[in-house]
Structures are given as C-alpha cells and as structure tokens.
There are 2 protein chains.
Amino acid sequence: MVSKLRQDIAAKGESGGGALGGLRMTKQRKLVYDVLLDERDHPTATEVYMRSKQRMSSISLATVYNCLETLSAAGLVKQVNVGRDASRYCPNLAQHAHFICVKCEQVLDIDLKNDKEVESVWELPEGARIDQLEVAMKGVCPDCNAAEKEVGGNG
Amino acid sequence: MVSKLRQDIAAKGESGGGALGGLRMTKQRKLVYDVLLDERDHPTATEVYMRSKQRMSSISLATVYNCLETLSAAGLVKQVNVGRDASRYCPNLAQHAHFICVKCEQVLDIDLKNDKEVESVWELPEGARIDQLEVAMKGVCPDCNAAEKEVGGNG
DNA sequence: ATTGATATCAAGAATTATTCTAAATAAAAA
DNA sequence: TTTTTATTTAGAATAATTCTTGATATCAAT
C-alpha cells in the first residue's frame with residue numbers, strides 16, 4: 001500500500017492524483033517531496049515549511065509534518081537525527097551516514113564504501129532483527145577546518 | 001580542567017570534594033554518576049532524576065540535567081540519542097553503538113568487533129575533523145523476536 | 001573561623017520541536 | 001450526485017530540555 005505511493009511518485013513525478021490503497025498523492029505531499037528534491041541540504045521541517053509556503057501559501061506547518069511523516073513511512077524520504085537537534089529530511093535513499101559541521105551546521109551525506117557493510121564492524125546480538133541504522137557524525141567540515149587553521153594556527 | 005574532574009571521579013570514587021580547575025565534585029554530581037553506574041540500563045534524565053531522588057530527596061530535575069550535561073562534557077558519560085526519543089545516558093566509555101528494541105524499549109550496548117573501525121566503512125570527506133560518532137540501531141531484540149515468532153508465526 | 005569570590009543548586013518559567021484535535025475540505029467510490 | 005474516506009488546517013496540547021534568578025555551598029585566602 002505504501003509502496004504504491006512510492007512507485008507513483010517516482011514514476012509520474014506529477015501530481016496526477018489517484019488512490020493508492022488508501023494513500024493519496026496530494027498536491028501538498030508532492031510539493032513537500034519536490035522541495036526536498038530541489039535543494040538537498042537536509043532542511044528541517046520548518047525550513048521545508050517556509051520553502052513550501054513560497055509555492056503554496058496556504059500550506060500549514062502541521063501539513064508539512066504530516067507529509068514528511070507519510071513520505072518517511074513510505075520510504076521515500078529519510079528522517080535524519082543528529083543529537084537533539086530538530087530532525088532534518090533527505091530524499092537520498094542509498095544507505096549513508098550524516099556528518100554535521102558544528103561550525104557552519106551544514107549536513108553532508110557520507111556514502112558507504114564499495115563492498116562494505118556497516119553491520120560488519122559490530123558484534124550484533126544473535127537473534128535480533130535490525131530494521132534501521134542511523135549513523136551520525138559531528139565535527140568540523142573540510143571548509144571550516146581549513147578556514148580555522150588559517151586564522152588560529154593553534155595546533 | 002575537565003579531565004581533572006574525570007580523573008577525580010574515576011580515582012576516588014568518593015565525594016571527597018575538592019576544586020578541579022573550577023569544576024567541583026559535588027554530592028549531586030557524584031550521585032547522578034553513581035546512579036548511572038549502578039543500573040546500566042540507559043535511563044532517561046527523568047529516570048535518573050527519580051532514582052536520584054530516592055537517595056537525595058532534595059535534588060531537582062534541573063540539577064540532574066545540569067549534572068548529566070557536566071558529566072557528558074567531562075567525557076565520563078555518553079548521551080545516547082535514538083531518533084527523537086528522550087536522551088538516555090550511559091557510563092560506558094568504550095566505543096560502542098546502541099540498539100533499541102521497538103517492542104520492549106530496552107537499549108543494548110553493541111560493541112565494536114576486535115580490530116575493526118567504524119570509520120573504515122565510510123567514504124569520509126577529506127580534511128574533515130570528526131569529533132563524535134553516534135551509531136543507533138532500531139529493531140527487535142533477541143528476546144522479543146523469539147517471543148514474536150512463538151505467538152504470531154506470521155512470515 | 002571569617003570573609004569574599006565563584007560555582008552550583010533548586011524551582012519554576014520559558015522555549016522549542018513535535019503531536020494531537022476537531023472541524024472543514026478534497027478526493028475517490030458508488 | 002451522494003456517500004465515504006483521507007487529508008488539510010489552525011490552533012491547542014505535550015514533552016523534553018533550557019533558561020533565569022535567588023539561595024546555598026564550596027574554595028581560597030586571611
């Protein structure tokens with residue numbers, strides 16, 4: 001049921017409408033999804049709301065939250081949590097980690113190396129079923145790191 | 001300065017008192033730390049508060065938050081975030097991941113395999129400095145998984 | 001012990017992200 | 001068109017956390 005929503009959005013890329021086992025492809029959902037695709041900078045719900053509002057002034061913050069939730073449940077979007085900060089959202093479905101720069105606050109996608117598995121480095125408990133794996137890194141991004149060295153020079 | 005607090009707590013294990021470059025080893029901090037050491041089930045701040053209150057009825061929630069923050073900053077305690085749930089705290093300083101069971105909500109420490117590095121599986125951006133790495137897994141723990149199969153038997 | 005400076009505590013107010021509620025609207029099915 | 005169901009909207013409610021302020025405790029020096 002949820003997978004049909006997914007298929008629908010991916011295939012059509014249009015808000016043609018149509019029932020999908022109960023889930024509907026609405027203007028709002030399409031808009032929110034487009035906003036995420038257009039600027040892949042891991043916006044928060046509020047940021048998505050502000051961007052969405054520019055194209056559909058009537059949309060509400062609650063609806064943005066609803067849409068993000070629905071899209072996440074449908075597997076089209078990933079909710080990104082780093083520490084206690086507001087959740088961010090990204091439409092990159094490949095397995096990846098997130099890096100947040102404590103200086104400029106930008107979030108970078110970190111891809112998995114070829115032929116590697118995240119799970120392989122952990123002593124996983126036998127008999128457990130793992131549904132989700134969230135990897136978040138905090139630090140200073142290459143840009144800020146370079147800028148820091150130039151100014152401070154304090155090794 | 002912060003490392004002295006750390007050393008102090010680790011070495012003495014007592015609330016002897018004493019200045020530590022500004023940071024003080026107070027009864028409250030020691031208590032909060034002891035609570036974490038006594039039951040290593042990754043309690044939330046509120047849970048730590050309730051347990052602490054049994055031993056020091058005058059302690060306040062705000063103080064528990066302060067202590068947890070101080071201990072985290074000192075590197076004695078790790079703040080564990082899984083999704084948007086309340087932060088949990090653990091005194092396990094070895095590098096490890098966390099697994100939370102969506103059924104029983106218990107949190108398990110997942111150790112790193114010998115000779116493995118988490119970083120090794122990721123395409124890390126060159127020039128970045130990584131200060132923190134948080135790995136959180138969600139799923140069903142071995143116990144709940146076994147119980148589930150007995151009852152449902154569904155797929 | 002007394003004093004002065006500073007760190008910490010406690011209680012409650014404030015903040016913030018998020019979820020909930022209920023009525024209105026839109027879309028699909030009949 | 002009518003009926004049914006899903007969704008949107010606005011605002012209230014919630015929950016975790018942080019902030020504020022005055023009171024207390026601790027430290028360092030006398």
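These numbers come from a predicted model, not from an experiment. Chain letters run A, B, ... following the sequence lines, proteins first and then strands; every chain starts at 1.
Note: NZ (Lys30(B)) to P (dC9(C)) measures 14 Å, nearest angstrom. In this structure, the CD atom of Gln28(B) is 8 Å from the P atom of dT26(D), given to the nearest Å. We find that CG of Leu23(B) is positioned 12 Å from P of dC27(D), with the value rounded to whole Å. Here the P atom of nucleotide dA7(C) and the CD atom of Glu69(B) are 16 Å apart, to the nearest Å. In this entry the distance linking OH of Tyr65(B) with P of dA16(D) reads 7 Å, nearest Å. For the pair Tyr49(B) OH and dC9(C) P, the computed distance is 14 Å after rounding to whole Å. Between the CD atom of Glu47(A) and the P atom of dT18(C) there is a distance of 11 Å, rounded to whole Å. Taking atom CG of Leu61(A) as the reference point, atom C1' of dA13(D) lies 15 Å away to the nearest angstrom.
Applying the 3.5 Å distance criterion, the base of dT5(D) shares a donor-acceptor pair with the side chain of Arg24(A).
For Asp111(A) (side chain) and His96(A) (main-chain N/O), no donor-acceptor pair under 3.5 Å exists by modelled atom type. Of the possible donor and acceptor atoms, one in the side chain of Arg84(B) sits under 3.5 Å from a partner among the backbone N and O of Arg84(A). In this structure, the side chain of Lys138(B) does not engage the main chain of Val82(B) through any donor-acceptor pair within 3.5 Å.
Taking every heavy atom of residues 78-85 of chain A and every atom of DNA chain C, no pair lies under 4.0 Å.
Taking every side-chain heavy atom of Thr63(A) into account, dT8(D) is the closest of dT8(D), dT7(D), dA10(C).
Ser58(B) comes within contact range of the sugar-phosphate backbone alone, with a heavy-atom separation under 4.0 Å but no base atom that close. Counting any heavy atom pair closer than 4.0 Å across all strands shown, Ser87(A) reaches sugar-phosphate atoms only and no base atom.
Mapping Ala62(A) and Thr46(A) onto DNA chain C by nearest heavy atom places Thr46(A) at the nucleotide closer to the 5' end.
The residues Asp41(B) and Arg51(B) are annotated as salt-bridged, a charged nitrogen and a carboxylate oxygen being separated by less than 4.0 angstrom.
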